[in-house]
Amino acid sequence: MRKNIKKATSLALVMVMAASLAACGKSSGTGDAGGSGDSKTSEGGSGDSAGGDVTLRFSWWGGDSRHEATEKAIAAFEAKNPNIHVEPEYGAWSGWEEKQSMNIIGGNAADVMQINWNWIDSYSQGGTTFADLHQYEDTLDLSQFPAESLAQCEVDGKLMAVPVAITGRVFYWNKTTFDEIGVDLPTDEASLRAAGQAFAAYDADYYPLALGEYDRMIFLVYYLESKYGKAWVEGGQIQYSEAEIQEGLDFITSLEQDHVIPTLSVIAGDMADSLDKNAKWIDGKYAGILEWDSSASKFRQAIVESTNKPNQEFVIGEFLKFGDHDGGFTKISMGLAVAANSQHPKEAAMLIEFLLNDAEGVEICGTERGIPCSQAALKVMDEKSLGDALVKEANAKVVSFSKFPLDPKFEHNDLKANPDGVYYKVFGKLSAGEIDSATAASDLVKGINECMGN
């Protein structure tokens, strides 16, 4: 109840601030949306000049390489469309959503926006905040995108954004360590447990798989979907009983007991901010992870550049079989949307078409926003050998295997925040033996239902 009151209060504050922001006019709003000192905006808002010229505002977040590539793509787009001028507004992720939420709610959003997929759930206001891009299919070739991905961006049949990239989690293994210990890479529960026994016999500090708190939540869903063949959440409702969830939690605990995964206290004792920076991963003592396909490069780089054990072999594994179904989910990493009150929605759709489907735009942007889900973009990348080959292979594997959808609330901050999110609290207490699996299942269901407003 207290959390709901806090959310309502925060929303009211955002709306008040948004109203104030909107009253200041477009020029002020544009400056604010630009964010920190590395942002770039133009004077004069988004009004048109004489002679049919059009000005679009385009907002996105990211790092320097994304900013540079996007500005180059904008320049190429303007060269092809000399009557259209694009004003870029960009910055780092920190604080970005808060700024953009004020602009969106206040009716001062940029014409074209890079958005997180869950922003559709959070800010679309029943399909009224973002333009329905189905209305611009004569300009924007939506046939290049998977139908199921487009459906995930719809509200009441209105397309709120075009999906930029699809991502999911796959198993990666340090083959050098497995070869050193003399055990096969896992493919199912039996081989996973056999690896745990072999690793324990070799050295107590070695584990075939390492999973943090949020990793365990994703692994739990993967395990249950593999066994029962139903999505984790549908229609805002958890599809699993507490008894089924308890079974999955017991399975994870059994992996700790069988030396397949280290306890969370062991991982915490490694004193690393993330697994790719953990010395035990870098030196091959942790030999497996369940990670996003887009994260392959940094994990591979860590073990290849290891000081103590350089040039270890990093490979993509098979999806572990825990049942008769293909478990796991894919998600839209981000989308491009058009503000519903944009004065130039067709030109905004033209910009999105150029960035996501046009060969020149695709080549310039590369994989700065992930492996594209546009078939036209993928063809360009293959023909020109663009992008990291390992990431491309992992992405193709997860997209072809994992078919379950991701609930938009799954990554809500109340659930995945470290250390106060529900996932962190539940798995931390379970691993430490502070609660049993029945209590953990109950706490998990309660926390998720509260987040979803059930």
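Numbers here are sequence positions counted from 1.
Ring orientation note: the planes of W60 and H67 are tilted relative to one another, at an angle of 30° to 60°.
A donor-acceptor contact closer than 3.5 angstrom links the side chains of Q312 and N174. Looking only at atom types and distance, the side chain of E97 has a donor-acceptor partner in the side chain of Y123 under 3.5 Å away. Under 3.5 Å, the side chains of T70 and R369 contain a donor-acceptor pair of N or O atoms. Judged purely by distance below 3.5 Å, without hydrogens or angles, the side chains of Q114 and S59 never pair a donor atom with an acceptor atom. A donor atom on one side chain and an acceptor atom on the other are not found under 3.5 Å apart for T176 and D179.
Taking the ring pair (Phe, Tyr, Trp, His ring centres under 6.0 Å) definition, one finds that Y223 meets it with F251, F322, sequence neighbours left out. Under the rule for a side chain to side chain donor-acceptor pair (under 3.5 Å), Q239 has no partner lying at least two apart in sequence or in another chain. Residues satisfying the side chain to side chain donor-acceptor pair (under 3.5 Å) test with D270, not counting sequence neighbours, are N278, K280, Y286. Residues passing the ring pair (Phe, Tyr, Trp, His ring centres under 6.0 Å) test with W281 are F299, sequence neighbours excluded. Residues satisfying the salt bridge (charged side-chain N to carboxylate O under 4.0 Å, His left out) test with K309, not counting sequence neighbours, are E180. Residues passing the side chain to side chain donor-acceptor pair (under 3.5 Å) test with N118, sequence neighbours excluded: none. Partners of R300 under the salt bridge (charged side-chain N to carboxylate O under 4.0 Å, His left out) rule, at least two apart in sequence or in another chain, are D388. Every residue was checked against the side chain to side chain donor-acceptor pair (under 3.5 Å) condition with K321, not counting sequence neighbours, and none meets it.
Checked by atom type and distance alone, the side chain of T129 pairs as donor or acceptor with a backbone atom of S124 at under 3.5 Å. Here the side chain of S374 pairs a donor or acceptor atom with the backbone of L356 at under 3.5 angstrom.
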Distance-only criterion, 3.5 Å: show the donor-acceptor pairs between side-chain atoms of residues 378-386 and protein atoms not counting sequence neighbours.
{"residue": "D382", "atom": "OD1", "partner": "K392", "partner atom": "NZ", "Å": "3.4"}

Give the table of side-chain donor-acceptor pairs shorter than 3.5 Å for residues 416-424, with sequence neighbours excluded, one pair per line with atom names and distance.
{"residue": "Y423", "atom": "OH", "partner": "F410", "partner atom": "O", "Å": "2.8"}

Using residues 323-335 as the side-chain source, report each donor-acceptor pair under 3.5 Å to any protein atom, sequence neighbours left out, with the distance given to one decimal.
{"residue": "K331", "atom": "NZ", "partner": "E411", "partner atom": "OE1", "Å": "3.0"}
{"residue": "K331", "atom": "NZ", "partner": "E411", "partner atom": "OE2", "Å": "2.7"}
{"residue": "S333", "atom": "OG", "partner": "A165", "partner atom": "O", "Å": "3.2"}

>> Apply side-chain hydrogen bond (donor to acceptor under 3.5 Å, both in side chains) to residues E353 and T139 and explain how you reach the verdict.
In response: CA-CA 7 Å; E353 170 72 14; T139 299; over 6 Å; no

> After noting the C-alpha distance and the side-chain angles of Q152 and M160, does the key distance pass the side chain to side chain contact (heavy atoms under 4.5 Å, CB included) rule?
Replying inline: CA-CA 9 Å; Q152 292 180 57; M160 299 288 94; over 6 Å; no

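Aromatic ring centres of F77 and F354: separated by under 6.0 Å.
The salt bridge (Lys or Arg N to Asp or Glu O under 4.0 Å) pairs that include a residue from residues 139-159 number zero, where partners must be two or more places apart or lie in different chains.
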